Amino acid sequence: MKKLILATVALVLGAGLAMADTVRMGTEGAYPPWNFVNDSGEIDGFERELGDELCARANLTCEWVTNDWDSIIPNLVSGNYDTIIAGMSVTDERDEVIDFTEQYTLPDPSSYLAMSDDLDVSSAVIAAQTGTIQASYIASSGATLVEFATPDETIAAVKNGEADAVLADNSYLVPIAAEDGDLMMLDADVLIGGGVGIGVRESDTELKEKLNAAILSMKADGSLNKLIEKWFEGSMATF
Amino acid sequence: MFFNCSDPQMLAGLEWLACYLTTGKHLAFYGSFGTVLLLLAITAPISLIFGFGGAVAARSHFPPLRWFGKTYTSVVRGIPDIVFFLFFVIALDQAFEWLRHKVKCPDWDQPIRQGNDFVVCAQAKLPLSSAPQWLHEGYGFSLAVLTFAIVYGAFAANVLYGAMHAVPRPQIETAEAYGMTRRQAFWRVLVPQMWLFALPGLSNLWMLLIKATPLLFLLGVEDIVYWARELGGMKTRAFTFPHADWRLWYFLGLLVFYLALTKISEIVLARLTTRLTHGQATLGGAAMQKAAAR
């Protein structure tokens, strides 16, 4: 028994002095088609495929983990994982806390999704996900903001009448509007935030450079554009 | 029973449902019920040990130990669970990493706190970033267990402290008259008798502990609430089995699960009470004696 405990302690304390090149990729896993947990329980989506390709190009061993959106930045900063690859738009506010790599998508307009199209979005009740650029946009506009922890709940809020409309990335709403007959996109897109980049700790410049090089090489040979077309089916601009 | 689930678009009705309920994600959901039961199975005895230690410390004749016991119970009982959970999990994690950092990287020259970042050397990370995912999950789970044990241990300490005082004084006096030392009287007379007095309080705590398990979700452990929300949410065609918002049904399932669990607990606890009441100098014990004599 004592030996067993000693061995466990040695394992916990001593293991892995070797390979330190494992990069833990943090994502939300609730934002199709960007990133989601598919029916076999694995992380899937545009960013999964992109991230795996970037890791291959940068010669990194990558491991995927999910984390709730509202604590995704604090957990990066405290070192629970090494990157945020979760459709996170680059904003000045976020850039103060973490660093971003090269952007891997162009700025995506935000759209309103509602049950009826005669809605005055400037005075309506609008749902948005907590901690998103859309939430801060609504908060500073005249409309009433109701926040939800997951993107899915914002849609549910519109469907059960708790909110009049939801403001979210166009790329997230397009597939939902296409499938649900009750919901429609309003003709009132707004352009907030920049493109999407991978978030890394500010102290982690080495990883940032590696990922930057990989993103630039994917941009150069057109494989990034192919991925965007595959997952967003034309609703997202290509480089 | 076993349908061909490879082409879900061709399935309908029961077949679709059978395939849907056996996806990898659902299996993970079923497995997470085990996570909850495991949490209960590990946390309950550890809290009891913490509680016993706390109660003994609070009764101690050695002032610093008594102060420690009293502080532990009053501080932990006075702070909302959720605040404690959010604080402890981050604080414990950083404390462990800081300690390991001091031991393993003595010649590290950079500050540990760089602006917002908490940076320790790669060897001090807990678990190491190269460790497999199950180790990360296990580590998160053990942090949760430890936090649960600290919080519920404080409540248990108060219950046990009260129970120790409820044992009739003549019992201890008799033990002392027989020449037992204080330690012997404690272990041979007080402890065996106090459980009956502690049981109502402890069973209450057990129920609360069962109901507190969804806090795991708050700590980022993928428990049943996490999976119910994840599975119940509306699914677009990006998924193999698209469906509308079914969270209501999943949460209904959780409701039934928790009700069943607390009902079973009630039955087991009632039996335990009967057993412990035998031969006790209490109203219940006296009633049993009378019934047997009749």
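Chain letters run A, B, ... following the sequence lines, proteins first, then strands; residues in each count from 1. Predicted, not measured: the structure shown is a model, and the values here were computed from it.
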Show your working on side chain to side chain contact (heavy atoms under 4.5 Å, CB included) between B:Tyr226 and A:Thr66 and close with a plain yes or no.
CA-CA 12 Å; B:Tyr226 168 85; A:Thr66 56; 3.9 Å; yes
Please say whether more than 12 non-hydrogen atoms of neighbouring residues, nucleotides or ligands are located less than 6.0 Å from CZ in B:Phe257.
yes
Side chain / backbone / both / neither for B:Pro132 at chain A, heavy atoms under 4.5 Å:
backbone
Are B:Asp245 and A:Lys159 packed together at the side-chain level, in the sense that at least one heavy-atom pair is separated by less than 4.5 angstrom?
no
B:Ile82 CD1: over 12 foreign heavy atoms closer than 6.0 Å
no
Portion of A:Pro33 that has a non-hydrogen atom of chain B nearer than 4.5 angstrom:
neither
Side chains of A:Ile176 and B:Met234: does their closest heavy-atom pair fall under 4.5 Å?
yes
Roughly how far, to the nearest 0.5 Å, is NZ of B:Lys125 from CG of A:Asp82?
5.5 Å
With only heavy atoms counted, which part of A:Arg201 is less than 4.5 Å from chain B, the side chain, the backbone, both or neither?
both
Filter on salt bridge (charged side-chain N to carboxylate O under 4.0 Å, His left out), then keep only pairs touching residues 25-38 of chain B, sequence neighbours left out; what's left?
B:Lys25-B:Glu230
For a 4.5 angstrom cut-off between non-hydrogen side-chain atoms, does B:Thr236 reach A:Asp180?
no
Does CZ belonging to B:Phe217 count more than 12 external heavy atoms closer than 6.0 Å?
yes
Less than 4.5 Å to any heavy atom of chain A: does that hold for the side chain of B:Glu137, its backbone, both, or neither?
neither
Check whether any side-chain heavy atom of A:Glu63 sits under 4.5 Å from a side-chain heavy atom of B:His136, and report yes or no.
no
Going by side-chain hydrogen bond (donor to acceptor under 3.5 Å, both in side chains), name the pairs with one or both residues in residues 28-38 of chain A, residues two or more places apart or in two chains.
A:Thr27-A:Asn35, A:Glu28-A:Gln129, A:Tyr31-A:Asp169, A:Trp34-A:Ser171, A:Asn35-A:Glu47, A:Asn38-A:Ser40, A:Asn38-A:Asp44
Gap separating the CZ atom of B:Arg237 from the CD atom of A:Glu179, nearest 0.5 angstrom:
4.0 Å
Can you find a side-chain donor-acceptor pair between B:Thr240 and A:Asp39 that sits under 3.5 Å?
yes
Heavy-atom neighbours of A:Asp92 CG exceed 12 at 6.0 Å
no
